[in-house]
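Below: one structure, written as C-alpha cells.
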Protein chains: 2
Amino acid sequence: MKRVTMQDVAKLAGVSKSTVSQYLNKRYDYMSEETKRRIENAISELGYQPNIVARSLKQKKTSTIGVIVANILHSFSTKVIRAIEDFCNDNDFHVIVCNADDDPVKEANYINMLRAKQVDGLIVFPTGGNLELYEMMIEQNFPLVFVDRIIDGLSVDTILLDNEKAAYLAVEHFVNCNHTRIGIITTSLSRKVTPRIERIEGYKKAMLHFGLPIVDEYIKGVDLDYIQNALNTMFSLKEPPTAILAGNDLVLMEILRYAKENSINIPNDLALIGVDDVPFAPIFTPALTTIAQPAFEMGEKAAQLLLDKIKNEHKEQARIHRFPPTLIVRETT
Amino acid sequence: MKRVTMQDVAKLAGVSKSTVSQYLNKRYDYMSEETKRRIENAISELGYQPNIVARSLKQKKTSTIGVIVANILHSFSTKVIRAIEDFCNDNDFHVIVCNADDDPVKEANYINMLRAKQVDGLIVFPTGGNLELYEMMIEQNFPLVFVDRIIDGLSVDTILLDNEKAAYLAVEHFVNCNHTRIGIITTSLSRKVTPRIERIEGYKKAMLHFGLPIVDEYIKGVDLDYIQNALNTMFSLKEPPTAILAGNDLVLMEILRYAKENSINIPNDLALIGVDDVPFAPIFTPALTTIAQPAFEMGEKAAQLLLDKIKNEHKEQARIHRFPPTLIVRETT
DNA sequence: CTGAAAGCGCTTACAG
DNA sequence: CTGAAAGCGCTTACAG
C-alpha cells in the first residue's frame, strides 16, 4: 500500500510541490488555467489524498478538538456531543470524544493524550479531580470550555443549566398538584458536582418560597448503587414523600425500577419528575413528566465559544453561561 | 503558549535529541543511569509532552482507528462503540467515532477524512452506498472490518448477529404462547440492509417451520416515519396480528407509541418482542421481552480483528463472523 | 506565475 | 553508551 505523496503529483503534473500545495489550498491568485488542469488531472489519476498529519505538523494546528465527558451514560452528555459534532462539522473541525467514566485518572490520561495529539482545544465536563491540569491549561492559555460543572476558583467559560430554576419548576409544579411532602434524590454529593448541589439548593429555596418545611429525610444524594436503599428508607418513614424530583436520568430510572418492583403506583402513590427529558419519556406508561435541558443549544454554544477562542476571536472575560430549563408535563404528576 | 520540544529537553539535559527519543521509547539498553536521570529531570522541569503528530508522520502510523456507524441512534451501535473503545484503550489505540446518519455522502466524507488523518484502520457499519470506496480500501489492503451489514461481493471480515436465529427465537416464543397471527415490522427494505432482510427471512422460515401461513399483510418494512401508518393498516385488517416482532429498537419504540396512543393493551391485545435489549426494557410497564445481541462481544471481536490486521497478525481469509442472539422473556409476551 | 529551500518535531539506521 | 544526519509529507516566505 504505497501512499502517493504531493511529490508524485508534482512530478506527474510537471510542476513543483509548492505549486501543488498552492493549488490544494486554493491560492490560485496567479495560477494559469493550464497548470490547474494539469494538477487536477494528476491528482485524480493517482488518487492522491493529502496527508493531514504532515500538514498539521507544519501548520501547528490540527483543526481537531477533544471532548471529554464525565459520564457518557447520561442522555444529556450524548445530546451535547451531537450538537458539538454538528457545529464542528459545519466549521470543518473534527472532534474526538472521550468518556472519563467519572474517573479523574482516566480524565487526566485523556487530557494528556489529546494534548499530545495536538488538539486545538478542549471541551470538558470536568470530574473536578484534576485541578493542577485544569490550571496548567488556563495558564498556558489553551482553548478550553467547561460544560455542566463549575470548578471553583478557575476562570473558564462554563456552560450550565440554570439548575436552581430547574428544581424550582419541579417543586412549583408539585405544589400546584397539591403535594406538600416533596423529596429530591440525586447521585452522590461527595464530589461536590455542581448540578447536584445546585438542584438541591434550588429545591430548598423553592420549598421555603412555598412555605413548606425542609425535611432532611426527604433529601438524598447517594451513589446509584445505593438508591434502592435510600428509597427503602424514605418509604419506611411514618410520612413518606408523595412526590419526588429525580436529580438526573439515571436516578429517574432507579426510581422507576423501585416503583415497579414495589408496586408503587405512579402518579397515584407517588408523583415523579425527572431532570433530563429521556427519549422514552413520552411512550412510558405513565408518560414521564420531565424537566428538559436545552442540550442542543448548550452544546452548540460550547463549540461556538471554543472555536472562537481557537480563532482568537473570543476576547471577553471567561464567565458562566446559564441556560433555562423547561417543564414538560405528562402523566407522572 | 510556546510549546516545549524534544530539542529543549535535550539542551537542558545536556544530551542529543536522539538520546531523549531513545529514552522516551524506553530503549534504555545501553543508557547510563545518569543520563536517564538527567533526561527525566529535564522533562518534568519543562513539563515536556511529546508531539504525537510529529511521531506519527515519521512512523507512518497513528495508533488511531476510525469507527463509522451507519446510525448512532441504535442502542446496538452505542454498545458496540463502547466495546471497541475499551478494547482499543487496553491496546494503546485511540478511536475516532463518526456517525454517517444513514447517508452515503456523509459516509464517504468520513472515510476520506479519516484516511487523510492517517488512521491505521477502519471499522464501519456500511451504509452500502459507497461500493467504489470500499473496493478501493480492499484493493489497497487497508485494514477494514465491517459490522452489522454484508456488502455483496466484497471480501471483508464482517461481524454479524445470527439474524435468522433471532427471528426464529421470537416466532418460537410467540408460538409457545399460542399465537398464530404473528407479524414483523422493520425499517425500510429499499436499501437491502442485511439485518432487516435476514430477520424477515428468518421470520418466514420460522413460520413455515411451525406450520403457520405467511401473510403478506403481517410483514412491513417501512421508514420510521411511516410506521404509525403501517400499524394503522395492519390493525384495520379483519384479522390483525396478535403478536409482533419489532425489527430493531427504534421500531419497537414506534410500536410502543402506537399502542399507547391507541389504547392497545400489551400483552393482552398484542404480544410484542423487540430485537435489541434497550436499557429501559426491564423498568417498562409491562417489562419488555427482547432479543439481545451480544453487542459487547461483537464490538470486541471487531476491534480484535482490526488490530490484528493492523499488526499484520491476521492472515486468514476474510469471512463472516456470526454471533448468537438471546431471548429475554419479560412481560410483553 | 512558479520553484528552491527551510523547517514543523519527531525517529532511526549508522558511525564511533 | 551517545550523537549527527536524513527524512516523514507537507507549507510558506522569498526570490525571480
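Here is how names work: the chains are called A, B, and so on, in the same order as the sequence lines, proteins then strands, and each is numbered from 1.
- Side-chain atoms of T19(A) lie closest to dG3(C) of the nucleotides dG3(C), dG9(D), dG3(D).
- Remark: P of dG9(D) and OH of Y48(A) are 10 Å apart, rounded to the nearest angstrom.
- Heavy-atom nearest nucleotides on DNA chain D were determined for I52(A) and for S32(B), and the one closer to the 5' end corresponds to S32(B).
- With distances taken from any side-chain atom of R55(B) to the nucleotides dT11(C), dC8(C), dA4(C), the minimum falls on dT11(C).
- Residue-level contact check: V15(B) touches the backbone only, with heavy atoms under 4.0 Å from sugar-phosphate atoms and none from bases.
- The interatomic distance linking I39(B) (CD1) with dG3(D) (P) rounds to 9 Å, in whole Å.
- Residue Q7(B) contributes atom CD, which lies 13 Å from atom P of dA5(D) at whole-angstrom precision.
- A donor-acceptor pair is defined here as one N or O able to donate and one able to accept, closer than 3.5 Å; such a pair exists between the side chain of D157(B) and the backbone of R319(B).
- Residue K17(B) has its side chain nearest to dC10(C) when only dC8(C), dC10(C), dG3(D) are considered.
- A residue-by-residue look at S18(B) and V53(B) shows that V53(B) has its nearest nucleotide of DNA chain C further toward the 5' end.
- In this entry the distance linking NZ of K61(A) with C1' of dT12(D) reads 13 Å, nearest Å.
- Listed nucleotides dA5(C), dG7(D), dG3(D) differ in distance to S16(B); the shortest reach to its side chain belongs to dG3(D).
- Summarising the geometry, the separation between CD on Q59(B) and C1' on dG9(D) is reported as 15 Å, rounded to the nearest angstrom.
- Within the 4.0 Å cut-off from OP1 or OP2 of dC1(C), not a single side-chain nitrogen or oxygen of T35(A) is found.
- For E34(B), the side-chain hydrogen bond (donor to acceptor under 3.5 Å, both in side chains) partners at least two apart in sequence or on another chain are R37(B), R38(B).
- Rounding to whole angstrom units, NZ of residue K117(B) and P of dC8(D) are separated by 22 Å.
- For the pair M6(B) CE and dC8(C) C1', the computed distance is 14 Å after rounding to whole Å.
- Distance check, rounded to the nearest 0.5 Å: CG of N89(A) to SG of C98(B) gives 8.0 Å.
- An OP1 or OP2 oxygen of dT11(C) is reached within less than 4.0 angstrom by a side-chain nitrogen or oxygen of N25(B).
- If you check the side chains of T64(B) and K117(A), you find a donor sitting under 3.5 Å from an acceptor.
- Proximity of S56(A) to the phosphate of dC8(C): no side-chain N or O atom is located under 4.0 Å from OP1 or OP2.
- Looking at R191(B) and D102(B), a side-chain N of the basic residue comes within less than 4.0 Å of a carboxylate O on the acidic one, giving a salt bridge.
- The side chain of S21(A) places no N or O atom within less than 4.0 Å of a non-bridging phosphate oxygen (OP1 or OP2) of dC10(D).
- The distance from the CD atom of E107(B) to the CZ atom of F125(B) is 12.0 Å, given to the nearest 0.5 Å.
- For K311(A), the NZ atom is densely surrounded, since the number of other residues' heavy atoms within 6.0 Å is greater than 12.
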Practice task
Would you sketch DNA chain D in dot-bracket for me? Only Watson-Crick or G-U wobble pairs with both distances under 3.5 Å count, crossing pairs as [ ], other-strand pairs as |, the rest as dots.
Solution key: |||.||||||||.|||
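- The CG atom of D8(A) sits 11 Å away from the C1' atom of dG9(D) (whole-angstrom rounding).
- Going from atom CZ of F76(A) over to atom CG of L250(A) covers 13.0 Å, rounded to the nearest 0.5 Å.
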